[in-house]
Amino acid sequence: LAGLLFIFFAAVITLSVLGVVLSKQIVRTCVYLLAALLGVAGLYLLLDAEFLAAVQLIIYVGGTLILIVFGVMLTSPNPAYRMQPKAADWWLVAGVAGVMLPAMVAAVLSLPAAQQPAQQTPDGQAMRTLGELFVGPYALPFELAAVILLVVMIGAAYLARATRKKPEAVSR
Amino acid sequence: VAATYKQSRVEAQSATTSLVSRLLLPVGVPPWMEPWLSLALSLGAVLAVYIPMAGLMALMFIWAERKVSGHIQSRIGPNRVGWFGLLQSIADGIKLIAKEDLCPGGADRLLFRVAPYVAFVPVFVSFLAIPFGPDLVFEPALYTGVVWILAVLSVEVVGVILAGWASNSKWSIYGAMREACQMVSYEVPLGLSIVVGVMTAGTLNLVVMGHMQGGGIHTWLVFASPATAAALLMYFVASLASNKRAPFDLPESESELVAGYHTEYSGLRFSLFYFAEYIGMFIVAAVQVAIFLGAWNDPFGLIGYYHQRFTAEGNDLGLLVVNLAAGGVFFTKALLLVFVQMWVRWTLPRPRIDQVLHMCFKVMLPAAMVVLVVGAGWMLFVEPRPGVPWVDYLPWQWEAWAGHRLDLGWRVISAAAAVMALAAVCGYVLVSFLAARSVRQRLFVAEPIRMVPPMAP
């Protein structure tokens with residue numbers, strides 16, 4: 001059953017990612033991206049990683065995807081804007097993909113065989129263990145990530161502020 | 001103390017055996033069939049119980065909203081179709097199904113058609129994670145309960161934004177933009193106020209939270225500390241905003257934007273947005289009940305006590321009765337909150353979008369931070385009574401609280417205050433409803449207000 005579900009989710013991810021690449025309307029691309037993210041969340045669920053699935057939904061769907069759509073709405077020249085990739089873009093993408101695909105296949109093949117999780121933690125304990133790991137052994141990377149996000153936020157606020165004219169000059 | 005606390009929580013966790021699966025699953029199933037059978041059972045439960053229940057609830061809520069708004073505005077509301085107009089929503093549904101399914105010219109047809117489903121399905125999926133009773137849960141081992149509901153609900157916004165975008169209409173896109181701003185910003189105070197409750201409970205699992213609140217009204221999480229009481233109020237405000245309910249219904253403010261993001265929709269797709277909104281109302285109310293207001297437990301702790309006892313005795317019939325009673329209590333609490341949401345909607349005016357965002361970032365967010373710190377401090381400095389009520393101790397016994405008097409004092413005082421406030425509100429509503437005019441008039445106006453006499457034929 002798990003195998004069948006895996007095939008289902010993998011098919012969803014593959015098809016929707018193809019849609020992301022091949023669709024020419026940027027908002028439709030976002031919808032395909034939504035389907036891909038949902039499929040990845042399904043894969044996490046298959047791996048008994050409920051929390052990861054939920055966080056995936058909150059951050060990528062609830063945050064990133066909405067911001068993408070929001071940005072598109074604010075910046076798109078007209079609603080029916082269609083992207084027309086040039087030949088140079090095709091060659092560039094083909095080159096990157098041609099290098100990355102064999103590298104990733106090689107990396108996956110060189111991994112040790114997949115293992116079942118060694119010890120199923122009792123349900124209530126998984127979250128507790130995760131939290132203790134975050135503030136214990138992995139406190140430094142965790143805090144570093146937080147600091148990086150803070151830096152990004154301040155930078156974004158600074159950029160947004162710097163481009164703004166003085167309010168008096170605009171209103172008079 | 002901490003070790004026994006943890007241990008008792010694990011026991012409460014393992015007590016969440018699925019009564020339904022125990023009753024329904026036949027015994028001698030070959031092992032290869034088990035996952036298929038449980039999959040079939042879950043699908044059956046979704047199709048036979050959850051979908052009809054959600055649909056019926058949405059219909060009844062729409063009817064109730066019209067009745068409540070009618071009474072608040074001194075009207076009668078729907079009263080022609082069926083008893084008290086109960087069948088009005090069904091009649092409206094038939095009318096909507098019969099309507100033409102329009103798609104505006106210049107719209108993105110695919111997205112326009114998909115968007116209502118993207119908005120509706122997440123709301124329905126999060127419906128599955130709500131614990132209606134100790135064993136009336138779709139998946140008792142969903143250890144991320146609260147986060148799961150938040151995560152799935154965050155998908156709904158995408159549907160609304162897509163609807164606004166694909167309609168190719170100014171009103172729709174304004175509605176969608178407002179929705180995006182509002183949802184993204186109000187998710188933060190919403191999450192923080194939930195974190196206060198989760199921190200106090202020490203678990204994300206809604207079922208375990210329910211068991212922890214099973215020892216009477218003073219063990220409900222609202223009364224655990226001043227911070228959780230404040231978090232309850234903040235959650236209520238933020239949930240109104242995140243569910244686009246008035247006074248935060250800017251995405252569809254009908255006085256400015258026609259109907260906001262669903263301006264261009266008609267027929268069944270239009271009604272899907274309504275279903276999403278009304279089921280969403282119930283879900284945010286149910287999360288509030290499950291985290292803060294004692295989940296399925298009655299104020300006297302009877303359900304918690306009998307559930308523990310029957311589980312220990314293996315009394316399946318008793319468990320069934322307790323679960324049904326628990327479901328009734330849960331629904332009553334959630335419906336009361338839904339009523340309050342409607343009441344707020346028809347009482348308060350709508351702010352502007354900049355006022356809404358100002359309130360989120362400059363009022364509610366700092367307040368949520370303060371509440372979070374106060375809650376953490378309370379947990380550090382006021383020792384709570386550890387353990388699960390009815391498992392480790394009898395919560396009504398004074399001796400069991402030795403060394404935790406401050407905790408008990410706060411709980412009892414705040415519970416008494418809340419009960420009095422609730423009784424006052426209920427009494428006011430009841431008296432004014434029975435008297436068919438406000439209490440103030442009854443108290444201060446000497447002459448009774450006469451009904452307008454019927455016109456002479």
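Small disclaimer: the values here were computed from a predicted structure and weren't measured. Below, read A as the first sequence line, B as the second, and so on, with proteins coming before strands; counting in each chain starts at 1.
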Discussion item. Can you confirm whether more than 12 heavy atoms, excluding those of A:Y60, are under 6.0 Å from its OH atom?
Written reply: no
Worksheet item: More than 12 non-hydrogen atoms from neighbouring residues, nucleotides or ligands closer than 6.0 Å to CZ on A:F9, yes or no?
Response: yes
Worksheet item: In terms of heavy-atom proximity below 4.5 Å to chain A, should B:A176 be classed as side chain, backbone, both, or neither?
Response: side chain
Fill in: chain A contact via B:L162 - side chain, backbone, both or neither, heavy atoms under 4.5 Å
side chain
Worksheet item: Among residues 150-158 of chain B, which ones touch chain A with a heavy-atom distance under 4.5 Å?
Response: B:L150, B:A151, B:V152, B:S154, B:V155, B:V157, B:V158
Worksheet item: At a heavy-atom separation under 4.5 Å, does A:V31 approach chain B through its side chain, its backbone, both, or neither?
Response: side chain
Give every donor-acceptor pair under 3.5 Å between a side-chain atom in residues 134-141 of chain A and any protein atom, sequence neighbours left out.
none

